[in-house]
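Since the structure comes first, as structure tokens, the remarks are kept for the end.
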Amino acid sequence: MYRNINKELAKIFREMAMIYEFIGKDEDKFRALTYQRVANLLEDLPDDVRNYLISGKLEEIRGIGSHTIEKIKEYIQTGKISKYEELKKLVPPDFLQLMEIPGFGPKTLKRIYEELGITTKEELIKALKDGRIASLKGFGEKKVKNMLKGLELYEASQKRLILWEALEIGRSLVEKLKNLKEIKNIELAGSLRRKKETIGDIDILVSANQQDREKIINYFVNLEDVKEILAKGDTKASVLIKQRERQVDLRVINPDEWGSALQYFTGSKEHNVHMRDIAKSKGLKVSEYGVFIASTGEKIAGETEEGVYEAIGMQWIPPELREDRGEIEIALEKKLPKLVELSDIKGDLHVHSTWTDGMNTIQQIIEFVRERYKYEYIAITDHSKSVRVAHGLSEEDLLRQIEEIDKLNKLIGFDFIKKGIEVDILLDGSLDLSDEVLSKLDWVVASIHTHFNRDNTDRIIKACENPYVTAIGHPTGRIFGQREGYPVSDEILKVAKETGTALEINAQPNRMDLNEVWVKKGKEIGVKFVISTDSHSFGNFAYMEIGVAIARRGWCTKEDILNTKSWKEIQKFVNAKRKKFGVLK
DNA sequence: GCCGTTTTCGGCCCGACTGTTTTCAGTCG
């Protein structure tokens with residue numbers, strides 16, 4: 001059975017970091033930080049840590065040293081890390097989880113543990129309510145109230161928003177703030193600007209003249225969306241909004257600080273720490289107010305983000321890459337890839353019509369897309385017959401659809417609509433339609449819609465080996481809030497590459513499948529991707545932005561994405577596979 | 001615990017807000 005040892009280790013290192021924070025010895029402060037970094041590194045590793053160990057590549061990673069390697073080896077050999085087993089005894093198990101709650105810092109928890117002898121979450125809540133904690137020195141009623149509030153917030157925020165949902169909420173707030181003419185610049189910052197797949201809080205950055213700040217902050221906290229004000233000061237405010245009980249932070253800065261503030265509030269934290277560290281080694285100091293020469297305090301950048309990076313000797317880094325996954329080193333060498341952009345997309349190759357479960361006829365789709373998008377082609381890819389709930393198409397149905405598309409294309413004057421199918425991959429890996437009918441199509445997406453509980457690597461590999469399959473649809477099958485993906489090995493990346501099969505980046509907001517980790521891994525071995533919306537209605541075509549965000553976070557350039565190319569180029573890709581399998585001369 | 005064209009020892013990002021304080025610690029991002 002597939003086992004994610006990277007994740008297991010990351011969890012242990014993260015817990016060890018928290019235990020050290022809880023213990024709170026000064027000399028352990030930075031040890032905790034290091035463990036935290038190691039946990040992040042392990043989680044981001046594109047391949048099994050054991051392979052890194054064997055190839056000797058683990059010790060080359062900046063931030064992983066000899067002691068970490070020893071611990072990882074110990075875990076692989078014995079299934080345990082003795083240091084971790086020792087540390088675990090020093091803190092009540094509930095307290096590790098409690099440390100994630102706003103207002104529950106390590107210092108606070110340690111005193112509650114030591115002075116009141118509390119060891120469980122339940123007891124702690126009781127002590128908050130009966131006044132025992134408020135009576136501790138340095139604690140007070142307000143602090144206790146905030147801790148109880150933190151508990152509530154934590155429970156509500158356990159469900160993170162998916163990117164699309166957060167973008168919609170964030171953008172609507174930005175629109176409302178734009179009513180204020182005092183606002184010079186406004187932008188969504190934080191993980192939303194980095195386009196992470198799930199979002200906790202929403203951050204909004206605004207620039208304005210000093211004297212207008214108060215007005216802007218007051219306007220913000222009094223928006224009808226606001227349910228509760230969490231904090232409010234001269235330069236920032238935090239509120240809880242009604243939509244999905246989200247926390248939204250607004251920060252107001254001066255126009256000449258826009259670049260440094262945007263850089264700072266975009267994060268990630270790891271990216272900023274690393275960047276500032278490098279700045280420091282060059283005698284510079286970076287804060288949200290600008291880049292300064294440390295010795296003189298002279299400001300040398302801050303108005304634009306480009307200027308901030310340039311002052312430290314780096315290329316501007318696209319927000320989607322700012323996760324401290326190597327982008328800083330490459331930016332110093334000025335060798336960042338030029339990432340794919342939404343405007344590079346030339347067509348959508350996964351679209352459903354009323355022939356199965358889509359909301360619109362092919363005719364209507366043509367009109368809508370040609371009016372709203374500058375696409376050169378789209379592929380109609382309805383379901384095949386075994387997907388009964390969607391009234392999937394039989395061979396005969398598909399032949400009739402092909403005829404209709406021919407007629408419609410004639411009206412347009414060129415082959416705008418490509419003939420496609422989303423054909424089901426059956427349990428044994430064979431396809432739901434005959435090769436004969438598939439051979440008549442321009443584009444064949446093969447997808448799994450059944451048997452999610454088994455390892456489906458074999459089915460996908462077999463589908464890749466069909467000469468007519470041009471892409472694998474939503475390859476890992478996950479749906480946010482419904483199910484995790486089925487187990488599947490990264491062997492499919494190699495097979496996709498070798499067989500000349502594209503892998504889909506499905507841009508449906510609750511799928512985002514492949515995700516950025518898979519995409520980055522695939523890109524590194526030369527897999528071609530296709531970004532598709534899997535549209536079932538007009539509104540769905542806008543999801544392309546989500547798919548492009550995944551590709552960008554996976555470091556993809558235009559070259560990695562098939563549907564940035566003309567149809568002629570795509571046809572070459574399709575024909576190359578058919579030739580390879582000997583079904584086309 | 002990690003790291004080093006200033007260092008193998010002595011550093012490790014930086015500032016705002018809150019509450020409980022009379023000058024600051026803790027927490028957060």
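All chains are named by letter (A, B, ...) in the order of the sequence lines, taking the proteins before the strands, and each is independently numbered beginning at 1.
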### Task
Name the nucleic acid region contacted by Asp28(A), choosing base, sugar-phosphate or nothing; use a 4.0 angstrom heavy-atom cut-off, strictly under.
nothing
### Message
As a test of the definition: with a 90° window around 0 for syn, would you call dT7(B) syn or anti?
### Response
syn
### Query
Closer to the 5' end of DNA chain B via nearest nucleotide, is it Val286(A) or Gly233(A)?
Val286(A)
### Task
Could you check whether Gly190(A) gets within reach of a base, just the sugar-phosphate, or nothing at all, counting any heavy atom under 4.0 Å?
nothing
### Message
Checking contacts here: which listed nucleotide (dC17(B), dC28(B), dG29(B)) is nearest the side-chain heavy atoms of Pro102(A)?
### Response
dC28(B)
### Task
Would you indicate whether the side-chain heavy atoms of Lys57(A) and Asn51(A) approach each other to under 4.5 Å?
no
### Task
Describe the nucleic acid contact of Val38(A) in one word from base, sugar-phosphate, nothing, applying a heavy-atom distance below 4.0 Å.
nothing
### Query
Which whole number of Å gives the distance between the C1' atom of dT8(B) and that of dC3(B)?
9 Å
### Residues Lys523(A), Asp560(A): salt bridge by 4.0 Å N-O rule
yes
## Note on the structure
Winner on side-chain proximity to Thr108(A), out of dG19(B), dC3(B), dG26(B), is dG26(B)
### Query
Using a cut-off of 4.0 Å on non-hydrogen atoms, how would the nucleic acid contact of Ile64(A) be classed: base, sugar-phosphate, or nothing?
sugar-phosphate
### Query
When all nucleic acid strands are considered with a 4.0 Å heavy-atom cut-off, which category describes Lys232(A): base, sugar-phosphate, or nothing?
sugar-phosphate
### Task
Could you tell me whether Arg251(A) contacts a base, only the sugar-phosphate backbone, or nothing, with contacts defined as non-hydrogen atoms closer than 4.0 Å?
sugar-phosphate
### Side-chain donor/acceptor contact of Tyr289(A) with base of dG15(B) under 3.5 Å
no
### Message
Between dT22(B) and dG26(B), how far apart are the two P atoms, rounded to whole Å?
### Response
14 Å
### Message
Partner lookup for dT8(B), please. Criteria are Watson-Crick or G-U wobble with both distances under 3.5 angstrom; report none if nothing qualifies.
### Response
none
### Task
Kindly point out which of dC17(B), dG29(B), dT27(B) is positioned nearest to the side chain of Asp249(A)?
dG29(B)
### Message
How many whole angstroms separate atom CE of Met147(A) from atom C1' of dG19(B)?
### Response
13 Å
### Query
Would you say a side-chain N or O of Arg31(A) is under 4.0 Å from OP1 or OP2 of dG1(B)?
yes
### Query
Separation of Ile72(A) atom CD1 from dG1(B) atom C1', in whole Å?
13 Å
### Task
Please check the phosphate of dG19(B) (OP1 and OP2 only) for any side-chain N or O of Lys145(A) closer than 4.0 Å.
no
### Message
Can you check the distance between dT21(B) and dC14(B), where both ends of the measurement are the C1' atom (answer in whole Å)?
### Response
23 Å
## Note on the structure
Tyr264(A) atom OH is separated from dG15(B) atom P, nearest whole Å, by 9 Å
### Task
Check every strand shown and say whether Ile101(A) touches a base, only sugar-phosphate, or nothing at a heavy-atom separation below 4.0 Å.
sugar-phosphate
### Task
Using the C1' atom as the reference point in each nucleotide, state the distance between dT20(B) and dT27(B) in Å, no decimals.
14 Å
### Query
Just by distance, do the side chain of Arg244(A) and the backbone of Ala166(A) share a donor-acceptor pair under 3.5 Å?
no
### Query
Hey, does the side chain of Lys71(A) come within less than 4.0 Å of dG1(B)'s phosphate (OP1/OP2), counting only N and O?
yes
### Task
Determine the Euclidean distance between corresponding C1' atoms of dC13(B) and dG29(B); express it in Å to zero decimal places.
12 Å
### Message
Could you tell me how far dG11(B) sits from dA16(B) if I compare only their P atoms? Round to whole Å.
### Response
25 Å
### Message
Please report the distance, rounded to the nearest Å, between CD1 in Ile199(A) and P in dG29(B).
### Response
14 Å
### Salt bridge present between Arg111(A) and Glu114(A) (N-O < 4.0 angstrom)
no
### Query
Want to settle it: does Phe139(A) or Leu109(A) sit nearer the 5' end of DNA chain B, counting the closest nucleotide to each?
Phe139(A)
### Message
Roughly how many Å apart are dT7(B) and dC12(B), using the C1' atom of each and rounding to a whole number?
### Response
13 Å
### Query
Given Arg322(A), which of Glu305(A), Glu270(A), Glu327(A) fulfils the salt bridge (Lys or Arg N to Asp or Glu O under 4.0 Å) condition?
Glu305(A)
### Task
Give a yes/no answer on whether the side chain of Lys269(A) brings an N or O atom under 4.0 Å of OP1 or OP2 in dC13(B).
no
### Message
Output the rounded distance in Å from CD1 (Ile204(A)) to P (dG29(B)).
### Response
16 Å
### Task
Report yes if a side-chain nitrogen or oxygen of His274(A) is closer than 4.0 Å to either non-bridging phosphate oxygen (OP1 or OP2) of dC13(B); otherwise report no.
no
### Task
Please work out whether the ring planes of Phe95(A) and Phe22(A) are parallel, tilted or perpendicular, with thresholds of 30° and 60°.
perpendicular
### Query
Can Lys285(A) be said to sit on top of Phe292(A)'s aromatic six-ring, NZ or CZ under 6.0 Å from centre and within 45° of the ring axis?
yes
### Message
Base, sugar-phosphate or nothing for Glu141(A)? Non-hydrogen atoms, less than 4.0 Å.
### Response
sugar-phosphate
### Message
Any side-chain N or O of Lys83(A) below 4.0 angstrom from OP1/OP2 of dG1(B)?
### Response
yes
### Query
Asn146(A) has a side chain; which of dG26(B), dC2(B), dT18(B) sits nearest to it?
dT18(B)
### Message
From CD of Glu288(A) over to P of dG15(B), roughly how many Å is that when rounded to an integer?
### Response
7 Å
### Task
Compare side-chain N and O positions of Thr34(A) against OP1 and OP2 of dC12(B) and report whether any pair is under 4.0 Å apart.
no
### Message
Using atom P in both nucleotides, what's the gap between dT6(B) and dC2(B) to the nearest angstrom?
### Response
23 Å
### Query
Is any side-chain N or O of Thr235(A) closer than 4.0 Å to OP1 or OP2 of dC17(B)?
yes
### Message
Is the phosphate of dT27(B) approached by Lys143(A) (side-chain N or O, under 4.0 Å from OP1 or OP2)?
### Response
no
### Query
When we call it a touch if two heavy atoms are under 4.0 Å apart, what does Ser238(A) touch: a base, just sugar-phosphate, or nothing?
nothing
### Query
Does a side-chain N or O from Asn272(A) land closer than 4.0 Å to OP1 or OP2 of dC14(B), or not?
no
### Message
Which residue in the set Ile186(A), Leu173(A), Ile183(A) passes side chain to side chain contact (heavy atoms under 4.5 Å, CB included) when paired with Lys178(A)?
### Response
Ile186(A)
### Task
Rounded to the nearest angstrom, tell me the gap between atom NZ in Lys196(A) and atom P in dG29(B).
13 Å
### Query
Looking at dT27(B), dC2(B), dG19(B), which one has an atom nearest to any side-chain atom of Ser66(A)?
dC2(B)
### Query
Quick one: which of dT20(B), dC13(B), dG29(B) gets closest to the side chain of Lys280(A)?
dC13(B)
### Task
Please state whether the phosphate of dC13(B), meaning OP1 or OP2, lies under 4.0 angstrom from any side-chain nitrogen or oxygen of Ser287(A).
no
## Note on the structure
Taken to the nearest whole Å, NZ/Lys29(A) to C1'/dG11(B) is 12 Å
#### Entry: Side chain of Lys285(A) - closest among dC12(B), dG29(B), dG15(B)
dG15(B)
### Message
So does Ser82(A) get a backbone contact from the side chain of Glu74(A), meaning a donor-acceptor N/O pair under 3.5 Å?
### Response
yes
### Query
Are Lys71(A) and Glu85(A) close enough for a salt bridge, meaning some N to O gap below 4.0 Å?
no
